[in-house]
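Reviewing the structure listed below.
In what follows, chains carry the letters A, B, and so on, assigned in the order in which the sequence lines appear, proteins first and then strands, with residues in each chain numbered from 1.
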Protein chains: 2
Amino acid sequence: MSPRPMVRPGGRSARVQESVHAAVRELVGEVGRDALTVPMVATRAGVTPSTIYRRWGDLQELLSDVAVERLRPETDPADLGSLRADLDAWAEQFLDEMASPPGRAYIRDALLGDPDGTNAGQCSAYAAEQIDVVLARAVQRGEPVPETELLIDRVVAPIMYRILFRPGRLDAAYARELVTNAVYAQQVEAGARPTQAAAPRRSKKKTDN
Amino acid sequence: MSPRPMVRPGGRSARVQESVHAAVRELVGEVGRDALTVPMVATRAGVTPSTIYRRWGDLQELLSDVAVERLRPETDPADLGSLRADLDAWAEQFLDEMASPPGRAYIRDALLGDPDGTNAGQCSAYAAEQIDVVLARAVQRGEPVPETELLIDRVVAPIMYRILFRPGRLDAAYARELVTNAVYAQQVEAGARPTQAAAPRRSKKKTDN
DNA sequence: CGCCTAGAAGCAACAAAATCGCATTAAGGT
DNA sequence: ACCTTAATGCGATTTTGTTGCTTCTAGGCG
């Protein structure tokens, strides 16, 4: 009945985990991601290779863990006084970080060594949290707000799709354009609905509002 | 003036490539993707491991090549008589194929062993080609059509994002919803533009309209 | 406060895979 | 038919990944 020794978050295990993660970060900077090997990381971390193999399975899963940590947003989105301004600023920063060479590398790594999708889900959750902060502030101000799902589909998804699948350039103007369209869609949905084809997104109640 | 011997597409090289690809397809079915190893593939293909290492680098790049082949659409989208019907049908089939367990696996593999993004770009190109076929037919009929880019951002990207980053279920209703919104957006852009915030996608000149 | 237990790490022998130099084959052009 | 050279085969070597067993220690319990 004793709760769960399932994982041991403290003590030596924690130290090992931290030192291994640190070793990865250092070595990625020094020799590059491609030259990384498990034995190399183990040596730098002062650990035996078998420890890493047992805890992470392989290099990809380890890199995935490290990548997710680095993709975690460190601060809340800035408060610029309006939903539109907050979203613009957040989307621009999001695009910048994700589309940068290191950002792309982290995304790839996060997806790569992630058999069950846990890490990928975490990335998605980070973005959703940031958006929720912005939306909550807008609600406080009394502004009408779109649903988080809409913003993920219209802003986050296109950015990530282009990063992963298309070589082309991504700039701030594109991010703003996506925000414009998303916000406009929400306005249409909330207010005038020109045609019946409007936008019954994720209808829990797609009646009128 | 002779084209280029850069790669040797014919003869033995081609036979080796085909036999290796075939070996991968067979073995994935027999022992599963996780149990695959380069030596195993080499043996089945009647080839030395070093051949595979030299041509593909590692198992991931080989799997990526095979995955892209399997993601290539085999037939043009059905012609159902209207843009809306064609898009609905295509999006539903696209979602079905991509969200299925084998589809997800192919997508992951395609992205995984793809340092320069060539294979990922190819996947994106496949989708764009299919959409272009649908749009070209609609133009023939005299229907107004959205841009390919809009459909990729609004339909393809959200589907792929959810497949890659979110655990939730994806069903045909969601695909239709995305198509509805995309087609509606295009109608707004082309015709009545309720507010000036409408949808200046990809503005070459984003001044006023 | 000190034992007990079990999960985690160390160690070392082993198995498997990846790399590399060199010999051989065979496309594709002349 | 010959020549050039990319591509493959082969085998030795290095590196990486696995496994059984021992040792250590965090966390629970008396």
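A/Asp34 has its CG atom 16 Å from the P atom of C/dA18, to the nearest Å. As a whole-Å value, the separation of B/Arg12 CZ from D/dA7 C1' is 6 Å. The nearest whole Å value for the distance from the CH2 atom in B/Trp56 to the P atom in C/dT19 is 15 Å. One interatomic measurement links the two molecules: OH of B/Tyr53 to P of C/dA18, which rounds to 3 Å at whole-angstrom precision. Going from atom CD of B/Glu61 over to atom P of C/dA18 covers 13 Å, rounded to whole Å. In this structure, the CD atom of A/Gln17 is 16 Å from the P atom of D/dA26, given to the nearest Å. Going from atom CG of A/Leu59 over to atom P of D/dT18 covers 12 Å, rounded to whole Å. Atom CG in A/Leu62 sits roughly 12 Å away from atom P in D/dG17 (whole-Å rounding).
Electrostatic pairing of B/Arg154 and A/Asp153 does not count as a salt bridge here, judged by no charged N lying under 4.0 Å from a carboxylate O. Taking the charged nitrogens against the carboxylate oxygens, B/Arg166 and A/Glu149 do have a contact shorter than 4.0 Å, which makes a salt bridge. Remark: B/Arg104 does not engage B/Glu97 in a salt bridge, criterion side-chain N to carboxylate O under 4.0 Å. Taking a cutoff of 4.0 Å between a charged side-chain nitrogen and a carboxylate oxygen, B/Arg33 and B/Asp109 qualify as a salt bridge. No salt bridge links B/Arg25 with B/Glu30; every basic N to acidic carboxylate O contact stays at or beyond 4.0 Å.
Taking only distance into account, the side chain of A/Arg54 meets the base of D/dG20 through a donor-acceptor pair shorter than 3.5 Å.
Between B/Arg15 and C/dA26, a side-chain N or O to OP1/OP2 separation shorter than 4.0 Å is absent. Here B/Thr48 reaches the OP1 or OP2 of D/dG9: one of its side-chain N or O atoms lies under 4.0 Å away. For A/Ser50, no side-chain nitrogen or oxygen approaches OP1 or OP2 of C/dG10 to under 4.0 Å. Applying the 4.0 Å criterion to OP1 and OP2 of C/dA8, one finds that A/Ser13 has every side-chain N and O outside that range.
Comparing C/dA8, D/dT16, D/dA7 by their closest approach to the side chain of A/Pro39 singles out D/dT16.
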